[in-house]
Structures are given as C-alpha cells and as structure tokens.
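Worksheet: one structure, shown below.
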Amino acid sequence: MVVSSQPILQNSSNLYRTCKSTSDLYFSDNNNNNNNNNSVIPVIDMLDPKAKFLITKACEEFGFFKIVNHGVSEDTMIKLERDAVKFFDLPQCDKDKASLASPYGYGNKRIGSNGDVGWVEYILLAVNDGLVSEKSVTIPGIPHLFWYALNEYVAAVRNIACVVLEKMSDGLKIEPKNVLSRMLKDEKSDSCFRVNHYPPCTEIEAYLKGGRNFIGFGEHTDPQVISVIRSNNTTGLQISLKDGAWVSVPPDEHSFFIIVGDSLQVLTNGRFESVKHRVLANSVKSRLSMIYFGGPPLNEKILPLSSLMEEGEESLYKEFTWHEYKKSTYMTKLSADRLGLFEKNMIVPYAKKLPNLGKIKL
C-alpha cells in the first residue's frame, strides 16, 4: 500500500497557531492574564522544528491538540470515508447482518455492556500487527476495496501516532526515543479502529428546550495510550476543561486531532492528563468520525517511565498490565473514573469492591 509522505498544507508561517472554538464557552488561554475566556485549541505543525516541545506543552495543558502538515494524503482519507458512508447508508436490515459488536463488529445505539447508549452506530475493528483482517468481522455489502482503503488509512494513522509519541519522548527528554511508540509497533499491540456514524436527529430541539443535550456518544476518557481522530466537516465533538466546562471543537476534515489516553497519563505519572470528551448529536447533518486507538500489548506493564521520574518521585498509580486495565474498563460505565481505581491514594469504601477481573473475556 502507498501512503503519501508529502504534507497536505505547504504554508506554515504561524507554527503554533490557535483555532477559535465556535462555542460560547472557550478554551482558557493561559497566556491571557485578563481571564476574558478567549479560547484556543493548540494547532501544531508537524514540520515545525519546535513541534516536540509544543506537543509536550499541549499534552500538559489540554491533553488534546490538532496537527497539520501530517503527511497523509487527502485521497487516503476520502476513500475510506466514502466507503464507510456507503455501509452506513445500507438499509438497517442489511447492517444488522454484520457481526454484532462483542466488542468487535457493528453496533447501533448500545455502547458496551453496561447500559450506555447514544445516538450513534459504529464499526469497531481489531488492529493486529498494524492491519485489520477481513476475517475478523463479517460486514455485508462491503467490497474488497473497502479493506484496502481501510488498511491504507490505518497504516497512515498508526504512523502518525508513532511519530507524535516519539516527538513526545523528545520533548520530555526521555530515552530511548521509541519508549512509547514501540508499544504500538509491537506485533502484539492491542490497538483498534472505530468508525462512528451519528445520523441527523429531529428530536434534539425538544431536548434543548428542556435544557439538556442530546448525546451522540457519552462522556469518557480513552483507556489506551493515544487516539488519532479525523471526522467529516460536522460539529459535535466536545472536550472537558480542567474546570469541568465543556467546549466544542471546530471540525476540520483535513486535519487530525490527538487525544491523550489513560495509559499515557500513567506512563507520564500524571504529567499528561487523559482528557474527557463526548459527542453531541446534530439535528441537520450526519457526522462521521474515524478513530485509531493505539494500545500496548496485553501483557505490557503500565507504570510511570523510570527515565521520566525525578529523584525521590513516587508513582501515583499501582502497577498493572494493559490486559488488567482493559478488563476493568469493560466492567464500568463510560463516564466512570476508571483510572481512579488504580490510584495509590484511592480510598475504597468497605462496601465497594474492585472489579473481579477474572470474569471478563476479551
């Protein structure tokens, strides 16, 4: 497969640019002393020599940022989106013939096994050694070319994730450079790929009049190391600031958004914070998003990197494997503080028990 190494955007005069949100609530600008809520989302040019430091800063302050000049061809992005739209446009009876998500396959409104629902349908696929196998799930009505487009895209975004992680290592001045990216490049890496489709919903107006949001995908953090997101040009994605305020992320179909996952928060001993995010449904346009979740091998021990720890610094978290944490997340609701169960200073009430990790099969 061929993935273009040429940047999509050639002009990059303002290398750490800001992208104003369309929401009435804005990201706090830490450089603004008058606290007038002028908002910015970090936009990082991957060709900028300072990108490694800007990425580190964005991860510390937001856990979320947009990248441009990422090197993925427009054609690679468009082909997969076009094929995904064809699948979601199929009659519901045909889509229901696909392998039902358990966890991999096709899902509709029901998210996971703990009662979470949303105005969404999706395909969740396992990524093994950087590729998605046609044999992993049954998806009727999808031509062979879909799988080619899928794997071309997955290879491209996995490469983005690895490059970003290596720039993080550079920015944090930790060795070796591939200490984070090696987990995604490992042939046993437990990564996955998800395509979410949010149809237009006419019920939204009634919810808004009642002072409520109509949820497409409920608030949550991503448990893996890193997430790479691209969507069509439709609003809906929101992230939660450190003060708990929800702010909208302006869509950009030409760029990618990077999200810090729970595992990366632990690996940096809390220096990077996994950001809580959600998607609101749209009453007019459908939203299509494609997310690569970069995960470590199941037996990978998740603990703060020794090369990052200062002398005398203690780990904020109990040591665990990715397999243990993944099982734990499958037993909780989306909005739960799943990482909190693994904090060293966690106080567990007598009646509250930790998840029995032996009962879940993945």
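Remember, predicted model here, so these are calculated numbers, not experimental data.
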Heavy atoms only: give me the nearest E166-K185 pair and the separation to one decimal.
-> OE2-NZ, 3.1 Å

Report yes if some heavy atom in the side chain of Y153 is under 4.5 Å from a heavy atom in the side chain of M77; otherwise report no.
-> yes

Interatomic distance, I174 atom CD1 to L305 atom CG [nearest 0.5 angstrom] | 5.0 Å

Begin from the C-alpha positions of D186 and R182 and carry the test salt bridge (charged side-chain N to carboxylate O under 4.0 Å, His left out) through to its verdict.
-> CA-CA 6 Å; D186 193 296; R182 65 166 181 81; 5.5 Å; no

Check the side chains of S248 and Q238 for a donor-acceptor pair under 3.5 angstrom, ignoring hydrogens and angles.
-> yes

Can you tell me if Q224 and S263 form a side-chain donor-acceptor pair at under 3.5 Å?
-> no

Write down the atom of V68, the atom of S255, and the distance for their closest heavy-atom approach.
-> CG1-OG, 3.5 Å

Polar side-chain atom of E313 near backbone of E310 as donor-acceptor pair, under 3.5 Å = yes

Does G294 offer a backbone N or O that forms a donor-acceptor pair with the side chain of S191 under 3.5 Å?
-> no

Indicate yes or no for a side-chain donor-acceptor contact from N269 to the backbone of L316 under 3.5 Å, with no hydrogens or angles considered.
-> yes

Are T332 and N114 close enough that some pair of their side-chain heavy atoms sits under 4.5 Å apart?
-> no

Is the shortest side-chain N to carboxylate O distance from K301 to E324 below 4.0 Å?
-> no

Can you tell me if NZ on K333 sees more than 12 non-hydrogen neighbours from other groups inside 6.0 Å?
-> yes

For side chain to side chain donor-acceptor pair (under 3.5 Å), just list the numbers for S227 and D222, CA-CA rounded to whole Å, side-chain angles, deciding distance to a tenth of an Å, and then say yes or no.
-> CA-CA 7 Å; S227 305; D222 293 341; 2.7 Å; yes

Heavy atoms, side chains only, cut-off 4.5 Å: are L267 and M183 in contact?
-> yes

Go through V260 and E273 one step at a time and tell me if the side chain to side chain contact (heavy atoms under 4.5 Å, CB included) criterion holds.
-> CA-CA 7 Å; V260 170; E273 188 171 348; over 6 Å; no

Chi angles and distances behind the side chain to side chain contact (heavy atoms under 4.5 Å, CB included) call for L125, L150 = CA-CA 10 Å; L125 303 166; L150 175 65; 3.5 Å; yes

Straight-line distance of D170 CG to M168 CE, nearest 0.5 Å = 12.0 Å

Answer whether the closest heavy-atom distance between the side chains of S240 and E219 falls below 4.5 Å.
-> no

Min side-chain heavy-atom separation E319-I302 under 4.5 Å = no

With a cut-off of 6.0 Å (strictly less than), are more than 12 heavy atoms of other residues, nucleotides or ligands near CD of E314?
-> no

hydrophobic_cluster_shared for L165 and L308, side chain cutoff 4.5 Å | yes

Do M290 and L90 share a hydrophobic cluster (ILVMFWY, side-chain heavy atoms under 4.5 Å, transitive)?
-> yes

Is the backbone of G218 close enough, under 3.5 Å, to the side chain of R278 for a donor and an acceptor to pair up by distance?
-> no

Check: F342 ring centre within less than 6.0 Å of Y317 ring centre | no

F320 and Y325 aromatic ring geometry - parallel, tilted or perpendicular at 30°/60° bounds = tilted

Rounded to the nearest 0.5 Å, what's the gap from OG on S189 to CG on D129? Could you check?
-> 9.0 Å

Apply side chain to side chain donor-acceptor pair (under 3.5 Å) to T221 and list each qualifying residue two or more places apart in sequence or on a separate chain.
-> D262

Do any N or O atoms from the side chain of N151 and from the backbone of L131 form a donor-acceptor pair under 3.5 angstrom?
-> no

How far apart are the closest heavy atoms of P251 and S231, and which atoms are they?
-> CB-OG, 4.5 Å

Does a side-chain heavy-atom distance below 4.5 Å link E81 with R230?
-> yes

With a 6.0 Å cut-off on ring centres, are Y122 and F217 close enough?
-> no

Please step through side chain to side chain contact (heavy atoms under 4.5 Å, CB included) for the pair F256 and I160, ending with a clear verdict.
-> CA-CA 9 Å; F256 291 95; I160 285 177; 3.7 Å; yes

Between the NZ atom in K95 and the CG atom in N108, the distance rounded to the nearest 0.5 Å is 7.0 Å

Q265 side chain to G270 main-chain N or O, any donor-acceptor pair under 3.5 Å?
-> no

So F88 and S286, side chain to side chain contact (heavy atoms under 4.5 Å, CB included) or not? Walk me through it.
-> CA-CA 11 Å; F88 289 117; S286 64; over 6 Å; no

Do you know which two heavy atoms are closest between A84 and F146, and how far apart they sit?
-> N-CE1, 4.5 Å

Sidechain-backbone polar pair: D190 side chain, G295 backbone, donor-acceptor under 3.5 Å = no

Here the pair of heavy atoms bringing F257 nearest to P250 is CZ-O, 3.6 Å

Distance in Å, W246 CH2 paired with L241 CG, rounded so as to fall on 0.5 Å steps | 9.5 Å

Whether T56 side chain and K52 backbone form a donor-acceptor pair below 3.5 Å | yes

Do I226 and V164 have side-chain heavy atoms sitting under 4.5 Å apart?
-> yes

Partner residues of W322 under the ring pair (Phe, Tyr, Trp, His ring centres under 6.0 Å) criterion, sequence neighbours left out = none

Taking side chain as C-beta onward, heavy atoms only, is T329 less than 4.5 Å from R338?
-> yes

Which class fits the ring pair F87 and Y106: parallel under 30°, tilted 30 to 60°, perpendicular over 60°?
-> perpendicular

Joint cluster assignment, L100 & I111, ILVMFWY side-chain distance < 4.5 Å | no

Sequence neighbours excluded, which residues qualify as side-chain contact (heavy atoms from CB on, under 4.5 Å) partners of R110?
-> S113

Connected via hydrophobic side-chain network under 4.5 Å: V120 and L280 = no

Spatial distance of atom CG (L288) from atom CG (N232) [nearest 0.5 Å] = 5.5 Å

Test item: H70 side-chain N/O and D45 main-chain N/O as donor-acceptor pair under 3.5 Å = no

Residues D94, K97; criterion salt bridge (charged side-chain N to carboxylate O under 4.0 Å, His left out); working and verdict = CA-CA 5 Å; D94 290 339; K97 295 175 184 177; 3.6 Å; yes

Pairwise ring pair (Phe, Tyr, Trp, His ring centres under 6.0 Å) hits with a residue in residues 264-296, at least two apart = H220-H277

Atom pairs and distances, side-chain donor-acceptor, residues 194-201, under 3.5 Å, sequence neighbours left out:
residue, atom, partner, partner atom, Å
R194, NE, N196, OD1, 2.8
N196, ND2, Y198, OH, 3.4
H197, ND1, E121, OE2, 2.7

With sequence neighbours excluded, tell me which residues meet side-chain contact (heavy atoms from CB on, under 4.5 Å) with D337.
-> L339

Joint hydrophobic cluster, V85 plus W147, side-chain heavy atoms closer than 4.5 Å | yes

